[in-house]
Each structure stands twice: as structure tokens, then as C-alpha cells.
Peer 1: 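Quick one: this structure, given as C-alpha cells, is what I'll be asking you about.
Atom set for the values below is all heavy atoms of this structure, side chains included, hydrogens, waters and symmetry mates excluded. Read the numbers this way: they start at 1 and go in the same order the structure lists the ligands and their atoms.
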Amino acid sequence: MSIVTLKDLISRADEQGKAVGAFSVGNMEMILGAIRAAEEMNTPIIIQIAEVRLPTSPLAIIGPMMVAAAENSSVDVCVHLDHGLNYETVEEALELGFSSVMLDGSLLDYEENVKLTQRVVDIAREYGASVEAELGVVGGNEGGGKAHTIQCTDPTVADDFCKRTGIDAMAVAIGNAHGHYKAAPELKLDVLKEIDASCDTPLVLHGGTGITPETFQECIRNGIRKVNIATASFDAVVKAASQNTADGGNYFALSQKMADEVYENVKKHIKIFNMENLK
Ligand code: 13P
């Protein structure tokens with residue numbers, strides 16, 4: 001199969017009333033585990049890496065690996081830059097063959113966010129790639145800097161933002177946050193419904209780790225077409241490493257176990273996002 005754009009995968013998910021899973025990766029084992037799950041489920045996925053993860057997984061090294069894994073997969077895969085913070089990083093990802101990029105201008109003021117996002121849409125179009133942007137502020141610190149307090153997306157400006165920027169998907173802030181939730185998250189479905197009713201652009205849910213299967217499916221019924229999962233997959237790798245250490249430590253067993261644990265996590269989420277019956 002081949003590398004496909006976010007726009008393509010989202011429009012297929014939309015026709016089927018499902019969401020596409022977007023799984024963060026940080027090393028080869030995470031990439032292999034995620035793709036194996038997608039192939040087994042015969043479901044396209046998104047593999048992604050956020051700019052804040054690049055100090056430990058440099059884009060020039062992991063990017064080509066992500067692209068190669070997508071090209072060699074038996075299902076369609078979108079290779080996405082998650083939370084791009086700088087225009088230059090977006091440019092580098094596009095040059096490496098990423099089929100989608102996110103520009104996270106959520107901490108900028110509204111007009112600055114619009115302006116920078118427009119610039120990213122312009123260059124992404126030259127590469128035939130899709131663009132995701134964020135309106136409002138998702139909690140946690142995937143978007144760089146210190147952990148942010150959540151600022152809900154304002155439904156009254158969502159349509160203006162999407163139309164003026166021309167983005168293919170919009171990340172919403174509805175009480176969701178990156179990382180581990182301190183208490184079970186209570187997502188504002190009323191705000192999600194208002195955003196969904198006010199604009200035609202497909203919506204993205206960040207901060208997937210810790211959200212219940214029921215809530216995921218409720219969000220999907222209300223316009224979410226892409227769901228991001230990062231922490232749960234990173235935790236899966238840590239679990240593999242701890243078990244391996246407890247078992248005496250063997251590199252090759254560790255490498256296999258890391259991929260296996262990520263595969264289990266990704267597969268579990270694909271089933272939910274495919275709207276499989278939870279009973
Ligand atoms: P989690 O780390 O909560 O799974 O969030 C993932 C995410 O939204 C990445 O952008």
C-alpha cells in the first residue's frame with residue numbers, strides 16, 4: 001500500500017462514521033508494533049511524532065524510518081508531524097515525505113495563529129500534504145513549554161478559523177489533556193457538539209490516553225475523526241523494559257517485547273475507533 005494524506009483517511013472515516021487512530025512513535029519498535037496492529041486489523045492508521053519528541057528521536061533519523069514503514073505496509077498509512085511548533089520543522093517533515101503536518105499555534109493570539117497556519121497550508125499544498133491546526137488550548141505539554149491549562153475551543157470562531165486557514169482537520173480543546181489525567185477527564189460534549197454544528201472541518205481529539213472507550217465513541221458520534229494516542233504507547237514500551245529487566249535483561253527479547261506491547265495498545269484503540277461493539 002502507500003502513504004496517504006490525513007485528508008484522505010479522514011474522509012474515508014467520515015463516510016463510515018469512524019475515526020482514524022493517530023499513534024505517536026519514538027523508535028523503530030513503536031513503528032513496527034503500530035503498523036503490525038493496523039495490518040492485522042486491515043485498518044489504515046496515522047503514525048506521528050511531535051516536535052517536542054525530536055531531541056530524543058531526531059526527525060532526520062526517525063522520519064525516513066516512518067516513511068519507509070508506511071511504504072512497506074500492507075495498509076494505507078499517513079505519516080504525520082504532530083504539534084509542529086516552527087515553520088522550519090514543518091518544512092523539514094514535508095521534505096522528508098510526510099503526508100501531513102500539524103502546526104500548533106494554539107499559544108499564539110488568534111490572528112497570529114491564523115497567519116502562521118495559512119503559511120503552513122500554503123507550503124503543505126505544494127507537497128500535496130494535509131494540515132491540522134489547533135484552536136483553543138489542549139492541556140499538558142505536548143505543544144511545548146510548560147504544562148498548559150485547558151482553554152476550551154470557542155465554537156463561535158471555529159468556522160472563521162477553518163475557512164480562513166483552509167486546514168483539513170482541527171484539533172479541539174474540550175477538557176482533554178496530554179499525558180496522564182490526574183482525575184478521570186470529563187469532556188465537554190456540549191462544546192464538541194456546538195463546534196461540530198458550526199463548521200464542516202473534521203475534528204481531532206488529542207490527549208487520548210485515559211479517555212474511556214464509551215467517551216471515545218460518543219466523541220466520534222459527534223464529529224471526531226482523528227484520535228491521538230501517545231502516552232499509552234510510551235507506557236507500553238516502559239512496561240516492556242521493566243519486565244525485561246525483571247527477567248534478567250536481554251536486548252533482542254526487549255526489542256520484540258516493546259513492539260508487542262505497542263501492538264496490543266494500538267490494536268485495542270483501533271477496535272474502539274472502528275466503532276466495534278464494546279460489549
Ligand atoms: P496522550 O499522550 O494523552 O495519549 O495524547 C496524545 C496526543 O494528543 C498527542 O498529540
Peer 1: If the test is salt bridge (charged side-chain N to carboxylate O under 4.0 Å, His left out), which one of Glu261, Glu39, Glu40, Glu276 qualifies with Lys267?
Peer 2: Glu40
Peer 1: Please could you name the atoms of ligand 1 that His206 approaches to less than 4.0 Å, counting only its heavy atoms?
Peer 2: 8 (O), 10 (O)
Peer 1: In the protein, what heavy atom is nearest to atom 4 (O) of ligand 1, and what distance, to one decimal place, separates them?
Peer 2: Thr209 OG1, 2.5 Å
Peer 1: Using side-chain hydrogen bond (donor to acceptor under 3.5 Å, both in side chains), reason through Asp247 and Gln243 one step at a time and then give a plain yes or no.
Peer 2: CA-CA 6 Å; Asp247 294 345; Gln243 274 177 9; over 6 Å; no
Peer 1: Identify whether the distance between the nearest side-chain nitrogen and carboxylate oxygen of Lys257 and Glu29 falls below 4.0 Å.
Peer 2: no
Peer 1: In Å and rounded to the nearest 0.5 Å, what is the SG to CD1 distance from Cys78 to Ile45?
Peer 2: 10.0 Å
Peer 1: As an exercise, identify every atom of ligand 1 less than 4.0 angstrom from a heavy atom of Gly208.
Peer 2: 1 (P), 3 (O), 4 (O), 5 (O)
Peer 1: Return the orientation label for the Phe23 and Phe273 ring planes: parallel under 30°, perpendicular over 60°, tilted otherwise.
Peer 2: parallel
Peer 1: Gly207 heavy atoms, cut-off 4.0 Å: which ligand 1 atoms fall inside?
Peer 2: 1 (P), 3 (O), 5 (O), 6 (C), 7 (C), 8 (O)
Peer 1: Suppose I only count heavy atoms of His83 and a 4.0 Å limit; which atoms of ligand 1 are within that range?
Peer 2: 10 (O)
Peer 1: Got Lys7 and Val131 here, is their nearest side-chain heavy-atom distance under 4.5 Å?
Peer 2: no
Peer 1: Among protein heavy atoms, which sits nearest to atom 2 (O) of ligand 1, and what does the distance come to when rounded to 0.1 Å?
Peer 2: Thr231 OG1, 2.5 Å
Peer 1: May I ask you to check whether Gly179 has an N/O atom sitting below 3.5 Å from an N/O atom of ligand 1?
Peer 2: yes
Peer 1: For ligand 1, note which part of Ala177 has a heavy atom under 4.0 Å away: side chain, backbone, both or neither.
Peer 2: backbone
Peer 1: Give the residue, atom name and distance (to 0.1 Å) of the protein heavy atom nearest atom 10 (O) of ligand 1.
Peer 2: Asp82 OD2, 2.6 Å
Peer 1: Is any side-chain heavy atom of His180 less than 4.5 Å from a side-chain heavy atom of Asp235?
Peer 2: yes
